[in-house]
Amino acid sequence: MERIDNTIKDAVINAINQLYNAEVPVNQVSIKKTRKEFDGDFTVVVFPFLRFSKKTPDLTAEELGNFLKDNLTEVVDFNVIKGFLNLTLSHHYWLDFFKEINSDKSYGLKSKNEKFKTVVIEYSSPNTNKPLHLGHIRNNLLGWSVSKIIEATGNKAVKVNLVNDRGIHICKSMLAWKYLSGGKKPEDENVKGDHFVGDYYVAFDKEYKKQIAELVKSGTSEDEAKNNAQWMKETRTMLKEWEQGNEGVRTLWKTMNDWVYKGFDQTYKKLGISFDKIYYESETYLRGKDVILKALKEGILQQKEDGTVFIDLTKEGLDEKVLLRSDGTALYMTQDIGTAIIRYEDFHFDESAYVVGNEQDYHFKVLKIVLDKMGYPWANNISHISYGMVELPHGKMKSREGTVVDADELIEEMIQTAKEKSEELGKLEGFSQEEKDEIFRKIALGALKYFILKVDAKKNMTFNPEESIDFNGNTGPFIQYTYVRVQSMLTKAKEQDISEFNDFENIEKLEESEISLLNKFYDFEEVIAEAGEKRNPSVIANYVYDLAKEYNRFYHELPVLKEENINLQKLRLSLSEKTGLIIKIALDLFGIEVPERM
RNA sequence: GGUCUCGUAGCUCAGUCGGAUAGAGCAACAGCCUUCUAAGCUGUGGGUCGAAGGUUCGAAUCCUUCCGGGAUCACCA
């Protein structure tokens, strides 16, 4: 079935041709959803046509409206307000539309066709020296959701994680553990592995600062003190030993990373996210070094007297970018070049997307150019899904000031809040503790995920931990609640032996809130397409909130089970069921689960 | 300083490929549960869309300048 707005568009072009003997370019025809305060379903803006009609806006709209009414069976009425032509579609059209989508239980989702694109999407990308925090949560939720949306638009998403498992920061934790732990393991203290290792990272910083202070006191300059502090010197030695493959260092490194991975896995599991492949920087950085040295030989890159390898991007309006240190060791950019190449060999992607914060916009600009200059034709298919920072009411999160919102703690607090709220409402009597816990979990994560994903990804957002996250209004639980309402109604219908209700017929007239709902159903396809193009889940959040609100209005205004006209009852049950289905599908694109009761 | 980005109600955010009287939620206030789950619904108040110019029939939206916040310009990641 052709989308009706396209049908109208074609008809408008035809109308201008017939009425005014003129060809309108397609992009001049703007068909929009009619705003709520006016009558109608679709609105045609007639201002662009005045140069053809040579008449007033109102008169032009009038003539156009009459033409469309006469020539399109779907259009039964129109009104003109200040040059806006509002078209009303027949109830018959809406019923036909509904019957068509109603048979499609996965309405909104596209299946893969032959032309599908493979999109590799990197997200999460943690360092292994500290646990995940709120910023990572935004990253993880975005990566997961965008992957789901890419799949929903009929393409293939390959979810990959790049773990930054090597470098000076990990050595810091290792050194602190060596000196301070007395050989203790996470199990000994009943601490999650990532938190355990993170604590030693903090401990390192504390001791390091003390050592600097002591040196400064005895007359050393601050810069010198930073360099010469005992623990820093030892850490650098440790890094060198790691690169040389020193057995003891490698063993400790592996042990501590494994603790961290165990912790990460728990957090990922709680968040409900996963990966198709995990890359480790320790396994890709050498490849980066190789290709850089090769490119240096080919004259693509330059080298300074001290041995630094760099690329001159001043012509591109950027700077000189160093790709290898003077001592030949690898940098962040070095390994990212290596990883990108390996990733292409692994998947032959049509697009390689990186979900990384906007503080790295520059990095990805450079990465693309460097790979392009090195002659990789797929460099242009690299994209950066850049998202804004999560700020606290008083500013940025700072680990040194202890204002970092820890991911695990946040999730636990959300679950606690969901529990309190739920028990206060007392709707879950008769459920086992296990069932209740499962519902609390779904609500808590629904609240958290929706709260973060409803904000436009590229914008910075503020997170207020004191107020926590609301469960009323434009929130995940509100949408879940709407779903639950529908399920409750469907259950009651079944109890009344109404099991088949998609066969409604002989309906002459639809109520306003029914048409509004159908209009929302109509929008769903476009919304998913837009979210896919923009790589932005918030488009879907706005939509599903509107849908839920629209349904609640319908629910209050019209009887469903109590409706005596059997066909109307069936129609309304079908509308309810469809609303529930769309909510479920939309929320699933966020990784939000729906409870059956709450 | 160069580059990028953001600035919409007290707060958090929609709306930004130009379209009607700029919308939601929270917070405040007033109503609605003997009737399909009140985590809901209805209503009231709240705005010089950072400022000034410009383009246009029409600007929160596009252009210029300015003001204010943030990011980035590392041999950190």
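A note on names: the letters A, B, ... follow the listed sequences, proteins ahead of strands, and every chain is numbered from 1. Computed from a predicted model, the values in this text were never measured in an experiment.
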Are the side chain of [X] and the backbone N or O of [Y] linked by a donor-acceptor pair below 3.5 Å?
X      : Y      : result
A:K549 : A:G473 : no
A:R485 : A:Y555 : no
A:H384 : A:V356 : yes
A:S125 : A:V163 : no

[atom1] gap between [N] and [M], integer Å:
N     : M     : atom1 : value
B:C17 : B:U61 : C1'   : 10 Å
B:A20 : B:A60 : C1'   : 15 Å
B:U34 : B:C29 : P     : 24 Å
B:A9  : B:U35 : C1'   : 38 Å
B:C63 : B:G25 : C1'   : 34 Å
B:A27 : B:G70 : C1'   : 27 Å
B:G10 : B:G46 : P     : 11 Å
B:U8  : B:A24 : C1'   : 13 Å

From the set [options], return the single nucleotide nearest to any side-chain atom of [X].
X      : options             : answer
A:R35  : B:A77, B:C75, B:G23 : B:G23
A:P48  : B:C41, B:A38, B:G19 : B:G19
A:I81  : B:G70, B:A77, B:A20 : B:A20
A:M489 : B:C36, B:C41, B:A14 : B:C36
A:F38  : B:G40, B:U21, B:A77 : B:U21
A:V322 : B:C75, B:C41, B:A77 : B:C75

Matching residue for A:F84 among A:F47, A:F38, A:F42 - test: ring pair (Phe, Tyr, Trp, His ring centres under 6.0 Å):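 One option only clears the test, and that one is A:F47.
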Determine if the base of B:C33 is syn or anti; take syn to mean the glycosidic torsion is within 90° of 0.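 Classified syn.
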Go ahead and name the base partner of [N]; Watson-Crick or wobble counts if both distances stay under 3.5 Å, otherwise write none.
N     : value
B:C4  : B:G70
B:A28 : B:U44
B:U37 : none
B:C62 : B:G54
B:A20 : none

So which of A:D5, A:D41, A:D523 actually passes salt bridge (charged side-chain N to carboxylate O under 4.0 Å, His left out) with A:K33?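 Exactly one pass, corresponding to A:D523.
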Determine the contact category for [X]: base if any of its heavy atoms lies under 4.0 Å from a base atom, sugar-phosphate if only primed atoms, P, OP1 or OP2 are that close, otherwise nothing.
X      : value
A:D456 : sugar-phosphate
A:N86  : base
A:Q480 : nothing
A:S125 : nothing
A:L425 : base
A:S576 : nothing
A:V560 : base
A:L558 : base
A:V45  : base
A:F310 : nothing
A:I443 : base

[X] [atom1] - [N] [atom2] separation (whole Å):
X      : N     : atom1 : atom2 : result
A:M461 : B:U5  : CE    : C1'   : 17 Å
A:N542 : B:U16 : CG    : P     : 10 Å
A:L323 : B:C76 : CG    : P     : 13 Å
A:F451 : B:C26 : CZ    : P     : 14 Å
A:M598 : B:G40 : CE    : P     : 9 Å
A:K321 : B:G2  : NZ    : P     : 21 Å
A:E391 : B:G7  : CD    : P     : 13 Å
A:K32  : B:G58 : NZ    : C1'   : 13 Å

Taking it one step at a time, do A:F49 and A:Y20 satisfy ring pair (Phe, Tyr, Trp, His ring centres under 6.0 Å)? CA-CA 9 Å; A:F49 313 140; A:Y20 311 121; 8.5 Å; no
From CA spacing to verdict: side chain to side chain contact (heavy atoms under 4.5 Å, CB included), A:T475, A:F451: CA-CA 7 Å; A:T475 65; A:F451 183 85; over 6 Å; no
Report yes if a side-chain nitrogen or oxygen of [X] is closer than 4.0 Å to either non-bridging phosphate oxygen (OP1 or OP2) of [N]; otherwise report no.
X      : N     : answer
A:T462 : B:C13 : yes
A:K82  : B:U21 : yes
A:R553 : B:C41 : no
A:N460 : B:U5  : no
A:K396 : B:A71 : yes
A:K459 : B:A14 : yes

Do A:R166 and A:Y285 form a cation-pi contact, if we require the NZ or CZ to be under 6.0 Å from the six-membered ring centre and within 45 degrees of the ring's axis? yes
Distance under 6.0 Å and angle within 45° of ring axis: A:K304 vs A:F310: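 Yes, A:K304 sits over the ring of A:F310.
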Do A:S488 and B:C36 share a donor-acceptor pair, side chain to base, under 3.5 Å?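 No, the side chain and the base share no sub-3.5 Å donor-acceptor pair.
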Side-chain donor/acceptor of A:S538 to base of B:A14, under 3.5 Å: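 Not at all, since no donor on one side and acceptor on the other fall under 3.5 Å apart.
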Starting at the 5' end of RNA chain B and moving along, which residue's nearest nucleotide shows up first, A:E281 or A:Y555?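 Whichever sits nearer the 5' end wins; that is A:Y555.
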Between A:L428 and A:K365, name the one whose nearest nucleotide on RNA chain B is closer to the 5' end. A:K365
Would A:F84 count as stacked on B:G19 if the rule is ring centres under 5.5 Å and plane angle under 30°? no
Centroid under 5.5 Å and tilt under 30°, A:F47 to B:G19: yes
